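Sequence positions, counted from 1, serve as the residue numbers for this chain. FYI, side chains are in, hydrogens and waters are out, and symmetry mates aren't considered; it's all heavy atoms of this structure. On a predicted model such as this, the values are computed, not experimentally measured, just so you know.
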Amino acid sequence: MKTKRIISLMLAFLMMISVCAGMSFTANAAMADEAENYEMGTWYVGGTNGKASHRYFKIVINEKSYVSLDALTDANKMWFDIFDANGNNVMKDSDLGWKDNKTTEWREGHCGRFLSAGNYYLDIYFYAGNISFKFFVQAEKQIKMPKGKITSLKSSKAGKFTVKCDKATNAIGYRITYSTDERFKKNTKTVKSASVTKTISKLKKGKRYYVKVCPYTVYDDGTYVYGQNSLPKSVYVKK
């Protein structure tokens, strides 16, 4: 009796998996069949007028890229999700961090992440009614930043040191971290420099400081991409 019950539960579980898989397949097929082509890097402006429904837009990523989505709507009953060709939700509506713009009276959402090459589908779901919406999808080639390298670290004046690092490919700036603790666990500060050379002032005179440098760049949506920190070097600050 106990064995029969276990078998029944297993069959029910397998049936549930089968139904879910069927639903996923149906949803994937609907997205692929009904999707409108979208030109990357352009604003799409649209609206709804009728029953609750979905609209699908096909997004083609040619190589692994940093993909960002900007979405705007004049109602709070609209959701934006991006799925891959297998039906996996790779960018959820809840990731967009929606905010209300009191000036324009639009809700604004934004999200960005790395996606591999392939076909993707933007699924816009909305309730019945007249709703206006806009969206913009952009793919930027993945940028790989190198490891930082300090080429010079000197203290020529009291309370100051000057650090110089190698110029890094693709870098628009350098993050400089310095501390009186060689493990950078306390008394640590960070500054950014657009130049490979930076003088840090207002330091404790007669103290040894430890310094490391990391190159960085920024994607169009403001997301920072950092390389690796250089090996730390130390300098004795003049009194």
Closest heavy-atom pair, K160 versus S155, reported as atoms and distance to 0.1 Å, is O-OG, 2.6 Å

Just so I know, are the side chains of T199 and K157 near enough to count as touching, which here means a heavy-atom distance under 4.5 Å? no

Full working for side-chain contact (heavy atoms from CB on, under 4.5 Å) between V60 and M40: CA-CA 8 Å; V60 180; M40 296 289 287; 5.9 Å; no

Using the rule that Ile, Leu, Val, Met, Phe, Trp and Tyr join whenever any side-chain heavy atoms are under 4.5 Å apart, tell me whether V137 and Y121 fall into a single cluster. no

If Ile, Leu, Val, Met, Phe, Trp and Tyr residues are connected whenever their side-chain heavy atoms lie under 4.5 Å apart, and connections chain through other members, are I176 and L153 in the same group? yes

Candidate pair D221 and T223, rule side-chain hydrogen bond (donor to acceptor under 3.5 Å, both in side chains), full reasoning: CA-CA 6 Å; D221 70 345; T223 300; 3.0 Å; yes

Answer yes or no: does atom NZ of K192 have more than 12 heavy-atom neighbours from other residues, nucleotides or ligands under 6.0 Å? yes

From the options F80, F133, W106, select the one residue that forms a side chain to side chain contact (heavy atoms under 4.5 Å, CB included) with L72. W106

Just one of Y56, Y120, F57, F135 clears the ring pair (Phe, Tyr, Trp, His ring centres under 6.0 Å) bar with Y38, so which one? F135

So does Y226 have more than 12 non-hydrogen atoms from other groups sitting under 6.0 Å from OH? yes

Hey, does the side chain of D100 reach the backbone of K102 with a donor-acceptor pair shorter than 3.5 angstrom? no

Going by heavy atoms in the side chains, are T217 and V225 under 4.5 Å from each other? yes

Sub-3.5 Å donor-acceptor pair from the side chain of E140 to the main-chain atoms of Y219, do we have one? no

Backbone N or O of S193 within a donor-acceptor pair of the S195 side chain at under 3.5 Å? no

Given side chains that start at C-beta, do those of K144 and N170 come closer than 4.5 Å, heavy atoms only? no

Steps toward side-chain hydrogen bond (donor to acceptor under 3.5 Å, both in side chains) verdict (W79, D123): CA-CA 8 Å; W79 296 265; D123 175 11; over 6 Å; no

Less than 3.5 Å apart, which donor and acceptor atoms pair up between the side chains of residues 232-239 and the rest of the protein, not counting sequence neighbours?
from, atom 1, to, atom 2, distance (Å)
K233, NZ, I150, O, 3.3
S234, OG, R208, NH1, 3.2

With distance as the sole test, does T73 use its side chain to make a donor-acceptor pair with the main-chain N or O of R107 at under 3.5 Å? no

Measure the shortest side-chain to side-chain distance between Y210 and R183 over non-hydrogen atoms and say whether it is less than 4.5 angstrom. no

May I ask you to test the M78-T48 pair for a side-chain heavy-atom distance under 4.5 Å? yes

Value for NE2 (H54) from CD1 (I124), rounded to nearest 0.5 Å, stands at 11.5 Å

For V67 and A139, work out which heavy atoms get closest and say how close. CG2-CB, 4.2 Å

Can a donor-acceptor pair be found, under 3.5 Å and without considering hydrogens, that links the side chain of Y174 to the backbone of A168? yes

Minimum-distance pair of heavy atoms, taken over all atoms of I131 and F126: CD1-CB, 4.2 Å

Is it the case that atom NZ in K149 sees more than 12 heavy atoms from other parts of the structure closer than 6.0 Å? no

Knowing that exactly one of T190, L203, N187 qualifies, which makes a side chain to side chain contact (heavy atoms under 4.5 Å, CB included) with Y178? L203

Which value, rounded to the nearest 0.5 Å, describes the distance between N119 atom CG and N86 atom CG? 11.0 Å

Mind listing the closest non-hydrogen atom pair of K92 and L96 along with its distance? O-CD1, 3.3 Å

Side-chain heavy atoms under 4.5 angstrom apart, residues restricted to Ile, Leu, Val, Met, Phe, Trp, Tyr: same cluster for F83 and L115? no

Face-on cation placement of K212 at F184 ring, 6.0 Å and 45° thresholds: yes

Closest heavy-atom pair, N89 versus I82, reported as atoms and distance to 0.1 Å, is OD1-O, 3.3 Å

Output, in order, the C-alpha distance, side-chain angles, deciding distance and verdict of side-chain contact (heavy atoms from CB on, under 4.5 Å) for E36 and Y44. CA-CA 11 Å; E36 304 170 45; Y44 183 94; 3.6 Å; yes

Is any side-chain heavy atom of K154 closer than 4.5 Å to one of T162? no

